[in-house]
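For reference, the structure is listed below as structure tokens.
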Amino acid sequence: MPELPEVETTVRGIRPALLNHRIVDVWLDWPQGLATPDPEVFQARLKGQRIREVTRRAKYIIVTLEADSLLIHLKMTGRLYVVPDDSQQYADQWVHFRFQLDNGYQLRFSDSRKFGRVYLVDDPAIVTADLGPEPLDPAFTLEAFQRRLARRKGKIKPLLLNQSFVAGIGNIYADEALHLAGIHPIRSASTLSEDEIVALWQGIQSVLADGIAREGASVNWYRKPDGTKGQAQNGLRAYGQTGRLCQTCQQAAIEKIVIGQRGTHFCPNCQRETHYGR
DNA sequence: CGGACAACCTGGCGGC
DNA sequence: TGCCGCCAGGTTGTCC
């Protein structure tokens with residue numbers, strides 16, 4: 001479930017310990033998690049490189065080195081920890097990568113389901129080329145959102161999960177954004193009114209910003225780099241709230257359906273299937 | 001382009 | 001208590 005807010009929180013958490021330090025050693029026991037290059041090349045190229053910057057693009061963590069970029073995608077159950085190199089804390093059996101730094105700290109990548117992926121490339125665009133706009137970037141204007149939406153005919157929920165449409169939204173924040181905007185997740189993108197598009201554009205930015213402010217949603221697996229939970233799960237109004245009274249209208253219980261093979265939560269009163277305009 | 005579905009994995013949980 | 005089988009969801013790839 002790491003989505004944009006969880007990945008952003010992770011970046012902020014690991015950045016201070018990493019910045020301007022060198023990677024002096026690399027250990028891994030899950031070569032399949034390494035998308036590119038081969039482990040031997042990976043280790044050889046990483047050793048000695050100084051970390052210039054730690055940033056995020058969509059759900060990718062980008063560690064910019066002197067000559068290369070290290071990209072990490074947490075997928076479903078990935079966690080990054082920064083701990084003293086001899087720490088037994090957060091040395092669980094799911095740690096598959098360890099990056100030893102020159103300051104006595106270790107960056108550990110733990111991933112119980114092994115869906116996560118690590119890339120070492122000379123240009124991060126090799127990995128991020130097909131991603132859509134960053135929803136919290138100033139360039140993500142209402143006009144830009146309207147323009148992208150205009151060409152789409154599919155259901156709005158799967159569209160929000162499409163990373164080439166808008167980058168960084170996952171199942172939790174898609175449900176939250178649609179709930180905030182009062183839009184039924186099964187609605188076709190082409191039927192949204194002007195007002196609904198504005199509400200959705202604002203809703204996306206609002207739920208993501210709130211998620212970051214609360215340091216991510218630890219619905220189950222997600223943890224911050226210090227091992228503690230985020231708090232965004234406490235502010236969710238739709239995701240995981242099945243059967244609970246809607247906090248927005250206090251008129252109906254949140255329902256769960258499946259759209260595009262994804263569990264989808266919504267309020268049948270706030271989010272009407274035949275709610276065109278308002 | 002869109003929709004359906006399988007694949008990648010394994011912990012957690014409901015049901016019996 | 002123990003076992004079985006399903007569910008969870010980010011992303012890619014395949015097929016229609």
Side-chain angles (χ1 to χ4, degrees), chain A residues 1-10 28-36 56-62 71-80 90 92-97 109-119 121 124 126-132 134-135 147-178 185-192 207-208 211 216-223 229-230 232-233 236 238-243 254-266:
Chain A
M1 332 212 157
E3 305 178 27
L4 189 156
E6 290 74 31
V7 177
E8 178 64 29
T9 302
T10 298
L28 65 112
D29 73 347
W30 181 246
Q32 292 92 324
L34 189 55
T36 186
R56 177 191 61 75
R57 173 73 173 104
K59 300 172 192 171
Y60 289 92
I61 293 149
I62 304 179
L71 280 77
I72 300 174
H73 197 302
L74 303 175
K75 290 286 178 81
M76 311 283 302
T77 55
R79 299 170 176 173
L80 282 176
Y90 309 125
D92 55 60
Q93 71 267 39
W94 306 300
V95 171
H96 297 301
F97 287 79
F109 181 30
S110 161
D111 187 1
S112 79
R113 283 183 71 177
K114 297 178 177 170
F115 277 20
R117 285 295 178 269
V118 176
Y119 309 74
V121 289
I126 293 168
V127 180
T128 62
D130 293 335
L131 293 169
E134 281 290 326
R147 223 176 300 124
R148 298 184 74 80
L149 210 46
R151 293 180 256 121
R152 300 296 188 146
K153 289 184 164 62
K155 296 183 178 73
I156 191 64
K157 164 80 186 269
L159 188 58
L160 292 181
L161 295 178
N162 181 342
Q163 300 299 296
S164 64
F165 177 67
V166 184
I169 302 172
N171 210 36
I172 296 174
Y173 296 98
D175 283 1
E176 293 301 310
L178 288 168
I186 209 163
R187 291 274 304 283
S188 169
S190 62
T191 68
L192 298 185
V207 298
L208 293 176
S218 290
V219 171
N220 46 32
W221 272 92
Y222 175 73
R223 292 295 182 276
K229 293 184 177 186
Q233 66 278 11
L236 301 181
Y239 183 88
Q241 308 303 305
T242 312
I254 300 297
E255 291 181 10
K256 183 179 181 184
I257 58 176
V258 175
I259 299 176
Q261 295 125 291
R262 286 293 134 73
T264 299
H265 313 71
F266 70 103

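What you see is a predicted model; the values in this text were computed from it and never measured. In what follows, every chain begins at residue 1, and chains take the letters A, B, ... in the order their sequences are listed.
Phosphate contact (OP1/OP2 of B:dG2, side-chain N/O of A:Lys155, threshold under 4.0 Å): absent. Between A:Trp94 and B:dG11, a side-chain N or O to OP1/OP2 separation shorter than 4.0 Å is present. Within the 4.0 Å cut-off from OP1 or OP2 of C:dA8, at least one side-chain nitrogen or oxygen of A:Lys256 is found.
As rounded to whole Å, 11 Å separates atom P of B:dC1 from atom CZ of A:Arg148. In this structure, CH2 of A:Trp221 is placed 16 Å from C1' of C:dG10, rounded to the nearest angstrom. In this structure, A:Leu159 atom CG and C:dG10 atom P are separated by 15 Å, rounded to whole Å. One interatomic measurement links the two molecules: CD1 of A:Ile259 to C1' of B:dC5, which rounds to 17 Å at whole-angstrom precision. The separation between A:Phe165 atom CZ and C:dT11 atom P is 16 Å, rounded to whole Å. One atom, NZ of A:Lys75, and another, P of C:dT12, lie 7 Å apart when rounded to the nearest Å. The separation between A:Leu34 atom CG and B:dC8 atom C1' is 16 Å, rounded to whole Å. Note: OH (A:Tyr222) to C1' (C:dG10) measures 16 Å, nearest angstrom.
Remark: the backbone N or O of A:Ala58 is paired with a side-chain donor or acceptor of A:Arg56 at under 3.5 angstrom. At distances below 3.5 Å, at least one donor-acceptor pair connects side-chain atoms of A:Glu176 with backbone N or O atoms of A:Tyr239. Using a distance-only test at 3.5 Å, with no hydrogens or angles considered, a donor-acceptor pair links the side chain of A:Arg148 to the main chain of A:Phe165. The backbone N or O of A:Tyr119 sits nowhere less than 3.5 Å from a side-chain atom of A:Thr36 that would complete a donor-acceptor pair. Distance alone, capped at 3.5 Å, is enough to place a donor-acceptor pair between the A:Gln163 side chain and the A:Gly168 backbone.
Per the stacking criterion (ring centres < 5.5 Å, plane angle < 30°), A:Phe115 stacks onto the base of B:dC8.
Every residue two or more places apart in sequence or in another chain was checked for a side chain to side chain donor-acceptor pair (under 3.5 Å) with A:Thr9, and none qualifies.
Counting any heavy atom pair closer than 4.0 Å across all strands shown, A:Lys157 reaches no nucleic acid atom. Counting any heavy atom pair closer than 4.0 Å across all strands shown, A:Arg152 reaches sugar-phosphate atoms only and no base atom.
Taking the nucleotide of DNA chain C with the nearest heavy atom to each of A:Gln261 and A:Tyr60, the more 5' of the two is matched to A:Gln261. In terms of position on DNA chain B, the residue among A:Trp30 and A:Pro158 whose nearest nucleotide sits closer to the 5' end is A:Pro158.
With B:dG3, C:dG10, B:dC9 as the choices, the nucleotide that has an atom nearest any side-chain atom of A:His73 turns out to be C:dG10. Candidate nucleotides C:dG10, B:dG11, B:dC9 were compared by shortest atom distance to the side chain of A:Ser112, and B:dG11 ranks first. Nearest nucleotide to the A:Glu3 side chain, out of B:dG3, C:dT11, C:dG10: C:dG10. Comparing C:dG10, B:dG2, C:dT11 by their closest approach to the side chain of A:Gln163 singles out C:dT11.
No side-chain donor-acceptor contact under 3.5 Å links A:Asp111 and A:His96.
For CG of A:Asp130, the number of neighbouring non-hydrogen atoms (other residues, nucleotides, ligands) closer than 6.0 Å is 12 at most.
Where DNA chain B pairs in unbroken runs of 3 or more (Watson-Crick or G-U, both distances under 3.5 Å), the stems are B:2-8 with C:10-16, B:10-16 with C:2-8.
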